Each structure stands twice: as structure tokens, then as C-alpha cells.
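Lettering of chains follows the sequences in order, A, B, ..., and the numbering in each one begins at 1. Everything numeric in this text was worked out from a predicted model, so none of it was measured.
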Amino acid sequence: MSNQKDAGEKARQNIHEYLAEFDDIPGTRVYTAKRARRGYWINQFAMSLMKADNRERFKADEKAYLDEWNISDEAKEALLARDYNRLLDLGGNVYFLSKLFSTDGFSFAQAVSTMTDMTFPEYQQMMLNGGRSPEGNRSIKGGY
Amino acid sequence: MARITAGVGSSHVPLLGVAVDQGKWQDDYFGPIFKGYEWTREWEKETKPDVVILVYNDHASAFDANIIPTFAIGCGEHYKSADEGWGPRPVPDVEGHADLAWHIAQSLILDDFDMTIINEMDVDHGLTVPLSMMFGQPEKWPVKVVPLAVNVVTYPVPSGNRCWALGEAIARAVESFPEDLNVQIWGTGGMSHQLQGPRAGLLNREWDNKFLDLLEADNDDVRHIPHIEYLRETGSEGIEMVMWLIMRGALGKKVKRLNRHYHIPCSNTAIGHIVLEPAD
């Protein structure tokens, strides 16, 4: 942790360096402006599932409901397949996507486990054992 | 005069709301978590705050991808529980304190914090779970609430330094409110957790406890932790802990710790909470 003392002396952060560091975290897609722009309609679609009527219409015919939105075919496919890692790559954000897995009756932990290489019971056991260790999971380049 | 009498930092995991709503708080899984909050629930009953300034993040409930306020303050009379995709939580409506909220909003803007003002919104688990953890299941919440929503989802989120400074400005604003009010400030979210990608499930007991140590310390070192450190050490959603710094900044230089609890896991998350009193 930093020991920089004086708030007034805080150096201005360079936005390019700030953003570049985010790509160095293993297995993580930080929700940057770039991703937010790309995934805008995926996230707005997911938001629409906060209304019970929309959830019913979506469940009745998922493809038809998705066709009402300005979403690429690739993203529609990922949504229909509930491929959450793919959706993160396409600019989806987990808090928005949670409306989709809630509509499916999935808990946060259950949905989140599908993004890892574990089954849900294996994931639950890992959490009970203290979670995934940060050891070796902090930096791709640094390997620590 | 209104005064900030205490600060609370607390996780706001949605599953805790489910545990309360479905009466599971005494089972083997949730028992140790709720036991950790027992002291704090009793303390809240004794100290009887009039108002809680509740710092939290909206999880794509009141705000969609369209409008992304960095700092937004609720100045309304009341707020309903949001439907987050499984129906609204069965909790009482949250009563606002519009007079105090508007006073804080105006004071903050004059103090160089350009707040977004919200008149109507629904509040999600980020706000209602901490209320349930502190007050259980009353028919009516025993406090009025000034919601303060922080963007901790779309990057860049505000720096820890800025959050701390906002807390200081909130304390100045509260002190200049003429009515005699017992005000608490709560910072919520965290602690370590990651809800996305192959690294999901990351927890960091050691770092979280260092963070709690720094909150208790008689200095402001904690405000300078950069975003990348939260991301690397505490998972992509651990960044919510910057919201605890708004609470800590409002308490002044020295604090006295009244309670502290830490437990792993709750769903995907490390649960922690801390109760602090200003001691300047």
C-alpha cells in the first residue's frame, strides 16, 4: 500500500497508463469505457428484464425478444447460449447480466461459476475453503 | 446542530438479503455471519440514529447504462425496493430526509463537489441489505436515509483520495445543518470479491484485514491506494471498498473502533464490517 502522505501532492494519473494496467490482470475484464460502449445494447437489453412483463415475453420467445434490440448476431448467440465470458468480451457487465441469470432463476454464485473452469459444486467448495487465492493471480506479466 | 456520531463500513452481499427474507440467518452457513453483526444490531438499538447517510452503489437498478453519475445524492421523500430481476425484496419503503439531503447537496456543490441530484429512484440490495443487517426485519425502518450512490462499475471510478475528501465535505455539510440530528454515515460494499471471468471467486483475507487496520489508523494513508491495487489484490468487485473511504473521511483524523468482524465466505464474497466513532 502506498505511503504517499500529502493529498495535495498527488501526481495526475496518465489515462493511457491507467487503462493499460487493467490488461495485466489474469482472467478479468475490467469494465472500461471501451467495453461499456461496445456492450451498451447488451446491457440495456439485460436491464429491460427488471420488468416482470418483459421477463415473461423474453421467456416465451427469447430470439424474438432479442430481435427487438440493436444487438449483433454474435452477441445474440452468446446471450441465447448464456456464454457469460463471451458476453464480457462483447462489453457485457455482470451487474447488468445478472438480470438475465436472475430471470433464469440462477443465483449469483451459480452464474459466476459458469465463467470459471469449475462445476458449481466445485466452485462452492472452493469458496468454502477460503476462495481463490490471489497468489499467482495478480499480474500476467509479473507472474505473482 | 446535526452531527456525525459514528461510521459503519459493511458488505452488502445480495445473498444476505435472501437469508433475512427467507429466515435462514441461523443456519450453519449464515449463522456465523449474522452472529458477527449481533453486537452492532444491539448498538444501533441503543444509539438510535435519526438519519443514516448511506453510501452504496447502484447495481444497474436505478441507473442503466445510459446515465452514469460518479456521485449522486438522493433528495427524495421516499424510495421503493427495486426489482432486480426476481421481484422486489419484501422490505419497508425507505424514508428519505429531504431537508438534510438538499442541504448536503447544496453545501457539497459550493464545496466543489459537483453532485448529481436524484428526486425519484428505487433502491437495490446495495442499500437495503445493510439496513437489514443493522435493523433486522422491522415493519418500518427506524431511521431516515440519505442515499449516496457512487459509480464503482464503469471505469474510471472515483479515486480513494476523492472519496475521502467527499467524506470530509459531507461532515462539514452535516455540521452546518441547524436541526439537532444524530447522523451516522455508512460506507458499504466489498470486501474482496470477483464476480466475473475465469478469476471469479478470488478472496484475500490478508489484504482485507490490512484495509480494516488502515481504517482504524490515526492517519489517512488508506486514501492513496490506487485502483490497480484493489483490482489485483481484491478482485474486480473489491473496488467497492473505495466507498468505505467516504465514511472514514467523514469521521476526522482519529477514530475509535467499537466493533470489527470478518468472515469468509458469503456466496462469492468476503464479508466484513467495522464500527468507528470520531475521536478527535
Heavy-atom pairs under 4.5 Å with chain B, option from [options] with the top count:
| options | answer |
| --- | --- |
| L19(A), D24(A), N129(A), N54(A) | D24(A) |
| V30(A), D89(A), T103(A) | V30(A) |
| M126(A), K51(A), K34(A), M47(A) | M47(A) |

For chain A, which of [options] has the most heavy-atom pairs under 4.5 Å?
| options | value |
| --- | --- |
| T234(B), L195(B), T154(B), N204(B) | L195(B) |
| A65(B), S192(B), P265(B) | A65(B) |
| Q194(B), E206(B), R205(B) | Q194(B) |

Of all heavy-atom pairs between [X] and [Y], which one has the smallest distance, and what is that distance?
| X | Y | value |
| --- | --- | --- |
| H59(B) | K99(A) | O-NZ, 3.0 Å |
| L203(B) | G131(A) | CD1-CA, 3.8 Å |
| L88(A) | G197(B) | CD1-N, 3.5 Å |
| P198(B) | N85(A) | CD-OD1, 3.8 Å |

So for [X], is it side chain, backbone, both, or neither that comes closer than 4.5 Å to the heavy atoms of chain B?
| X | answer |
| --- | --- |
| S133(A) | backbone |
| F101(A) | neither |
| F96(A) | both |

For M50(A) and S61(B), what are the C-alpha separation, side-chain angles and deciding distance, and is it a side chain to side chain contact (heavy atoms under 4.5 Å, CB included)? CA-CA 8 Å; M50(A) 287 177 71; S61(B) 302; 4.0 Å; yes

About how many Å separate [atom2] of [Y] and [atom1] of [X], when rounded to the nearest 0.5 Å?
| X | Y | atom1 | atom2 | result |
| --- | --- | --- | --- | --- |
| L202(B) | E135(A) | CG | CD | 10.5 Å |
| M127(A) | H193(B) | CE | NE2 | 10.0 Å |
| D64(B) | S48(A) | CG | OG | 10.5 Å |
| E21(A) | H227(B) | CD | NE2 | 11.5 Å |

Between Q44(A) and N66(B), do the side chains contain a donor N or O and an acceptor N or O under 3.5 Å apart?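 Judged by distance alone, the side chains do not pair up.
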
Determine whether the side chains of Y95(A) and D58(B) contain a donor N or O and an acceptor N or O closer than 3.5 Å. no

If you define the side chain from C-beta out and look only at heavy atoms, does anything of [X] sit under 4.5 Å from [Y]?
| X | Y | answer |
| --- | --- | --- |
| F22(A) | I228(B) | yes |
| V94(A) | E237(B) | yes |
| E84(B) | S102(A) | no |
| P134(A) | W207(B) | no |
| I15(A) | P156(B) | yes |

Show, in sequence, the C-alpha distance, side-chain angles and deciding distance for R35(A) and Y155(B), and conclude whether the side chain to side chain contact (heavy atoms under 4.5 Å, CB included) test is met. CA-CA 10 Å; R35(A) 289 204 170 92; Y155(B) 281 77; over 6 Å; no

Would D83(B) and R55(A) count as a salt bridge (charged side-chain N to carboxylate O under 4.0 Å, His left out) here? Give the steps. CA-CA 12 Å; D83(B) 182 342; R55(A) 291 198 286 272; 3.1 Å; yes

Interchain contact, [X] with chain A, by part (heavy-atom threshold 4.5 Å):
| X | result |
| --- | --- |
| F63(B) | backbone |
| I264(B) | side chain |
| V18(B) | neither |

For atom [atom1] of [X], decide whether the heavy atoms of other residues, nucleotides or ligands shown that lie under 6.0 angstrom number more than 12.
| X | atom1 | result |
| --- | --- | --- |
| E77(A) | CD | no |
| E122(A) | CD | yes |
| D28(B) | CG | no |
| K24(B) | NZ | no |

Check against side chain to side chain contact (heavy atoms under 4.5 Å, CB included), F108(A) and L15(B): CA-CA 8 Å; F108(A) 249 99; L15(B) 190 63; over 6 Å; no

Check the pair Q196(B), N93(A) against side chain to side chain contact (heavy atoms under 4.5 Å, CB included), reporting the backbone distance first and the verdict last. CA-CA 9 Å; Q196(B) 54 122 322; N93(A) 173 274; over 6 Å; no

Heavy-atom donor-acceptor pair, R199(B) side chain to N137(A) backbone, under 3.5 Å: yes

